[in-house]
Number of protein chains: 2
Amino acid sequence: MTTSGERVRRAALELFAERGFHGTGIRQLAERAGLSSASLYHYMGTKEDLLVELMRTSLDRLVAAADAVLLAHDDPTSRLVALVRLHVTSHAERPLETRVVDDEVHALSPQRRAEVVALRDRYEAAWREVIDDGLAQGAFAVESAAVARRALLEMCSGVARWFDPAGPTALPALAEQYAGLALRLLGAETATDASGPRRVDADTPSPV
Amino acid sequence: MTTSGERVRRAALELFAERGFHGTGIRQLAERAGLSSASLYHYMGTKEDLLVELMRTSLDRLVAAADAVLLAHDDPTSRLVALVRLHVTSHAERPLETRVVDDEVHALSPQRRAEVVALRDRYEAAWREVIDDGLAQGAFAVESAAVARRALLEMCSGVARWFDPAGPTALPALAEQYAGLALRLLGAETATDASGPRRVDADTPSPV
DNA sequence: GCCTCTCGATCGATCGATCGATAGCATAGG
DNA sequence: CCTATGCTATCGATCGATCGATCGAGAGGC
């Protein structure tokens with residue numbers, strides 16, 4: 001059984017992802033959730049509160065998963081592979097959440113935005129640590145760690161905008177491809193074979 | 001001298017990029033342009049017409065520049081480097097245009113969206129051709145041309161969201177870095193040195 | 001006397017949000 | 001067992017504000 005509260009959140013997720021926060025009206029939200037617009041307010045604060053809640057839920061999970069990755073792995077290469085798998089998998093499996101998080105930050109008031117951005121920064125700090133360590137240890141070789149990190153994050157986030165579960169590439173294979181692309185981009189020394197996927201950490205279960 | 005029409009377009013560009021299409025009101029637009037909301041309509045059709053015009057202008061330039069790249073270069077490697085330079089440079093120099101194009105497509109009605117998406121697809125077709133050719137000729141080595149193309153485009157587009165002209169990396173150097181990252185990601189055979197920038201085509205002037 | 005440009009006033013529609021009321025269900029008091 | 005009380009869930013009606021857009025009018029140059 002799904003509760004009305006869950007239906008409200010689901011409706012908001014779908015509509016915010018599809019039409020954007022400002023493009024979604026309270027009445028559309030209510031209709032999608034199967035409620036009147038008045039009843040909506042029994043399950044949420046303001047419309048912005050609802051958006052923040054969706055973002056926080058999504059980012060909390062991502063941050064926790066990233067922390068788990070750092071705990072489960074030691075060397076920068078396997079950590080990076082695990083982070084890429086995590087990011088690609090979660091963006092492909094939850095495109096609505098991640099699209100809302102990535103695209104609707106601008107709709108938040110300054111205070112709420114700061115809160116959400118702080119969470120996002122905490123997540124990206126894991127990437128920063130891994131890439132910096134890899135550079136310091138000589139496992140990676142790039143001119144700028146900051147540039148490489150941003151390039152990698154944007155590249156992996158894009159998956160949420162085009163991945164189709166019914167498409168030619170299954171998700172696990174896609175995550176492996178991205179891990180290989182990321183290692184090559186970083187100049188990882190293990191990347192000598194130009195075409196095959198890299199199986200640095202094949203027996204780790206999907207962390208999301 | 002700047003005409004009122006130019007000021008309207010500039011205001012729309014800034015506000016659509018900052019607050020989004022649906023987050024920008026006609027009256028904000030007018031205030032930023034230094035006009036009344038009624039006068040606005042002397043220089044535009046509907047608000048959506050204005051958005052489409054901004055997108056088309058930006059995409060037309062991008063498509064023309066990509067076509068010029070294909071004309072000016074023959075082999076896939078130098079073509080790809082030129083495309084990356086073009087994309088990164090234009091996204092860094094015109095972050096407002098590119099953010100509007102990349103983020104506000106969802107605000108368009110189906111017909112207008114189809115028109116804009118067709119333009120964007122025409123641009124991306126240049127990337128597809130270059131990557132497919134490079135794979136066929138053995139210059140690149142990736143599992144999936146489609147995956148690599150999307151990863152590259154997302155990675156390069158992200159520049160518009162964070163590049164700071166006053167930051168530590170100047171734009172030409174950044175474009176070179178991205179060209180190097182892209183070649184490594186594609187498994188280009190020339191990418192043997194792991195750290196230095198690649199100067200495959202250093203004497204081509206910036207095409208945007 | 002047209003043509004370009006600008007504006008105040010205002011249109012109907014929709015916005016996010018709140019109100020008081022009602023129905024259903026639980027639990028406690030007699 | 002009955003009913004009084006209180007809590008959860010729901011809604012129609014409506015609030016003031018703002019939305020995108022239009023109107024007729026005026027100002028100024030050609």
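The sequence lines fix the lettering, A, B, ..., with proteins before strands; numbering per chain opens at 1.
Nucleotides of DNA chain D with any atom under 4.0 Å from a heavy atom of chain B span, from 5' to 3', dC19(D) to dC23(D).
Applying the side chain to side chain donor-acceptor pair (under 3.5 Å) rule to E48(A) yields the partners S109(A); only residues at least two apart in sequence or on another chain are considered. Evaluation of the salt bridge (Lys or Arg N to Asp or Glu O under 4.0 Å) rule for R9(A) yields E53(A) as partners, not counting sequence neighbours. The salt bridge (Lys or Arg N to Asp or Glu O under 4.0 Å) search around R32(B) returns E14(B), not counting sequence neighbours. Qualifying side-chain contact (heavy atoms from CB on, under 4.5 Å) partners for D133(B), counting only residues two or more places apart in sequence or in other chains: P76(B), R79(B), E129(B), Q137(B). In this structure, the side-chain contact (heavy atoms from CB on, under 4.5 Å) partners of A182(B), at least two apart in sequence or on a different chain, are L80(B), V84(B), L152(B), M155(B). With sequence neighbours left out, D132(A) forms a salt bridge (Lys or Arg N to Asp or Glu O under 4.0 Å) with no residue at all. Judged as a side chain to side chain donor-acceptor pair (under 3.5 Å), and not counting sequence neighbours, T57(A) has no contacts. Evaluation of the side chain to side chain donor-acceptor pair (under 3.5 Å) rule for R120(B) yields no partner, not counting sequence neighbours.
Listed by residue number, T24(B), G25(B), I26(B), R27(B), S37(B), A38(B), Y41(B) are the residues of residues 23-45 of chain B with a heavy-atom contact under 4.0 Å to DNA chain D. The stretch residues 2-14 of chain B comes close to DNA chain C through S4(B), each having a heavy atom under 4.0 Å from the strand.
Judged by the 6.0 Å and 45° rule, R149(B) forms no cation-pi pair with W127(B).
Using a distance-only test at 3.5 Å, with no hydrogens or angles considered, no donor-acceptor pair links the side chain of D121(A) to the main chain of A118(A).
With hydrogens and angles left out, the side-chain atoms of Y123(B) and H87(B) include a donor and acceptor closer than 3.5 Å.
Ring pair F21(B)/F16(B) is perpendicular by interplanar angle, where above 60° counts as perpendicular and below 30° as parallel.
Stem analysis of DNA chain C (Watson-Crick or G-U pairs, both distances under 3.5 Å, runs of at least three) returns C:2-30 with D:1-29.
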